[in-house]
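Here is the structure we will look at, set down as structure tokens.
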Number of protein chains: 2
Amino acid sequence: MDRTDDSLIALRRILRATELFGKELAHAAGLSPVQFRVLQLVAEQGMSTPKAISVQMGVTQATITALLDRLEKQGMITRARSQVDRRQMNIAVTEKGRATVAEAPDPLQQRYVRQFESLKDWEQAQIIAALERVASMLDAEDMDASPVLHSGEIKPS
Amino acid sequence: MDRTDDSLIALRRILRATELFGKELAHAAGLSPVQFRVLQLVAEQGMSTPKAISVQMGVTQATITALLDRLEKQGMITRARSQVDRRQMNIAVTEKGRATVAEAPDPLQQRYVRQFESLKDWEQAQIIAALERVASMLDAEDMDASPVLHSGEIKPS
DNA sequence: CTTTTTGCTTCGCCAAGCAAAGTAACCTCA
DNA sequence: TGAGGTTACTTTGCTTGGCGAAGCAAAAAG
């Protein structure tokens, strides 16, 4: 079907664009894309743990340890042993980290958001409906997609 | 705006899903995601060059050289100096490579396509419109997005 | 027939990923 | 309570993917 191809092509364009934006963004912030992602995650949640981050990003803890080492060395985050569960480390964003995230606004978001918000109401609604439809077609049967979003709960110190 | 957030969330779901599929797929094929992508590219086009691949993937040629080394060692592709322009290498997929791509059908495509094709006509049209809209919002100013698809022309040997 | 450009490789480097093994803290249940 | 298992994290050692710079050979431009 032509139709299917069209939709796949559009999807790929989206993927490609976001990939490039990711690089751009991270470069601007002086961090690698992955480092920035971690920083964003922690900043969003105010506080996190290596375990939680590893689950959210779908990588092993060992990888996160290394990433946090680098972010810590750059003064973006701090590690502190949790008082509640002394096995856990509480990861917090420093002022510098917070500033980095804030000042390097996601270019994807920036550009896209600006345009999206200039759309008419019904257009926005329609796009959201379509995106959600596509998203659910993609991750519907992905039985561990939703768990991932909720597991790795953290008890902050 | 809530609306904007909704659309971004849907977008991220899409990104996450495709990322996971990428890993899944590559794992099934016994190749890394990146290696598989290269193989797919070459297979699609029947023949390519390191330069063309590097442009299409947005990485340097040095990176491609290394990737091709691995794919060649695994007997997935062959390198042959072009007779037309002796600076160029013609990259071709071997039978094994072709089989690998064929037998490890893109799970993203599989699952998504099946569902997409079961949609009503007007739904398909609407989704395509929305996706294309989003894509163009994302890569509109990215002046080399479209060129990328066409540049790196190759004169096969 | 130089000079510049292009296409590819090599080299040396670093980041990101994994698995496996190690350590410390927590939990269980007998 | 205390022995054995589980959980959270780190360390180690390895592979892959990525880059820039340097190099070489071929082609294109003067």
Side-chain angles (χ1 to χ4, degrees), chain A residues 19-20 22-24 26-27 29-39 41 47-74 76-91 151-157, chain B residues 19-20 22-24 26-27 29-39 41 47-74 76-91 151-157:
Chain A
E19 202 185 307
L20 293 180
K23 284 189 192 175
E24 200 183 300
H27 188 71
L31 295 171
S32 80
V34 187
Q35 286 171 9
F36 191 85
R37 235 171 112 202
V38 172
L39 195 57
L41 271 183
M47 174 143 294
S48 192
T49 68
K51 173 68 177 177
I53 299 173
S54 77
V55 172
Q56 287 170 305
M57 301 204 7
V59 301
T60 66
Q61 262 175 277
T63 302
I64 299 299
T65 297
L67 278 168
L68 292 178
D69 285 347
R70 283 171 212 130
L71 286 173
E72 195 179 22
K73 198 171 297 172
Q74 293 173 75
M76 297 294 188
I77 57 130
T78 58
R79 279 196 249 224
R81 188 135 247 128
S82 160
Q83 290 316 107
V84 177
D85 182 340
R86 301 187 40 69
R87 288 169 307 179
Q88 286 190 326
M89 294 297 279
N90 283 320
I91 309 299
S151 68
E153 299 293 295
I154 45 175
K155 345 170 193 171
S157 65
Chain B
E19 201 185 307
L20 293 180
K23 284 189 192 175
E24 200 184 300
H27 187 70
L31 295 172
S32 81
V34 187
Q35 285 170 9
F36 191 84
R37 234 172 113 203
V38 172
L39 195 56
L41 271 182
M47 173 144 295
S48 192
T49 68
K51 173 66 176 180
I53 299 173
S54 78
V55 171
Q56 286 169 307
M57 300 204 7
V59 300
T60 65
Q61 263 175 277
T63 302
I64 298 300
T65 296
L67 280 168
L68 292 178
D69 285 347
R70 285 172 210 130
L71 286 174
E72 194 179 22
K73 197 171 298 174
Q74 293 174 72
M76 297 294 187
I77 57 131
T78 57
R79 280 195 248 223
R81 189 138 246 126
S82 161
Q83 291 314 108
V84 177
D85 181 339
R86 301 186 41 72
R87 288 169 307 181
Q88 288 190 325
M89 294 297 282
N90 283 319
I91 309 300
S151 70
E153 299 292 294
I154 42 173
K155 343 172 195 169
S157 65

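Nucleic acid contact class of B:I64 (heavy atoms, under 4.0 Å, all strands): none. Residue A:R79 is in sugar-phosphate contact alone, with no base atom involved, counting any heavy-atom pair closer than 4.0 Å across all strands shown.
Between A:T65 and D:dT10 there is a side-chain polar atom (N or O) within less than 4.0 angstrom of OP1 or OP2. Between A:T60 and C:dC18, a side-chain N or O to OP1/OP2 separation shorter than 4.0 Å is present. Dashed line: the shortest gap from a side-chain N or O of B:S32 to OP1 or OP2 of D:dT16 is not under 4.0 Å. Taking 4.0 angstrom as the limit, B:Q61 places a side-chain polar atom (N or O) nearer than this to OP1 or OP2 of C:dC8.
Rounded to an integer number of Å, the gap from B:Q35 CD to D:dT16 P is 7 Å. The interatomic distance linking A:F36 (CZ) with C:dA16 (P) rounds to 14 Å, in whole Å. Distance B:R86 CZ to D:dA26 C1': 8 Å, rounded to the nearest Å. Distance, A:M57 CE to C:dC18 C1': 14 Å, rounded to whole Å. Taking atom CG on B:L68 and atom C1' on D:dG18, their separation rounds to 14 Å, with Å as the unit. At whole-Å resolution of the value, NZ in B:K73 and C1' in C:dT9 are 14 Å apart. One atom, CG of A:L71, and another, C1' of C:dC14, lie 15 Å apart when rounded to the nearest Å. If you take CG of B:L67 and C1' of D:dG18, they are 9 Å apart, rounded to a whole angstrom.
Using a 4.5 Å heavy-atom cutoff, the side chains of B:R70 and B:L67 are in contact. With contacts defined as side-chain heavy-atom distances shorter than 4.5 Å, the pair A:L41/A:S48 does not qualify. The shortest side-chain heavy-atom distance between A:Q74 and A:L31 falls under the 4.5 Å cut-off.
Residue B:Q88 has its side chain nearest to C:dC8 when only C:dG17, D:dA26, C:dC8 are considered. For A:R87, the side-chain atoms get nearest to D:dT7 when compared with the rest of C:dA16, D:dT10, D:dT7. Nearest nucleotide to the B:P50 side chain, out of C:dC8, C:dC26, D:dG18: C:dC8. Taking every side-chain heavy atom of A:M89 into account, D:dT10 is the closest of C:dC8, D:dA27, D:dT10.
Between A:D85 and the choices A:Q88, A:R87, A:Q83, A:R81, the side chain to side chain donor-acceptor pair (under 3.5 Å) rule is met once, by A:R87.
When the nearest nucleotides of DNA chain D are assigned to B:R70 and B:A62 by heavy-atom distance, the more 5′-ward of the two goes with B:R70.
Across every non-hydrogen atom of A:Q61 and A:S54, the tightest pair is CG-OG, 3.8 Å.
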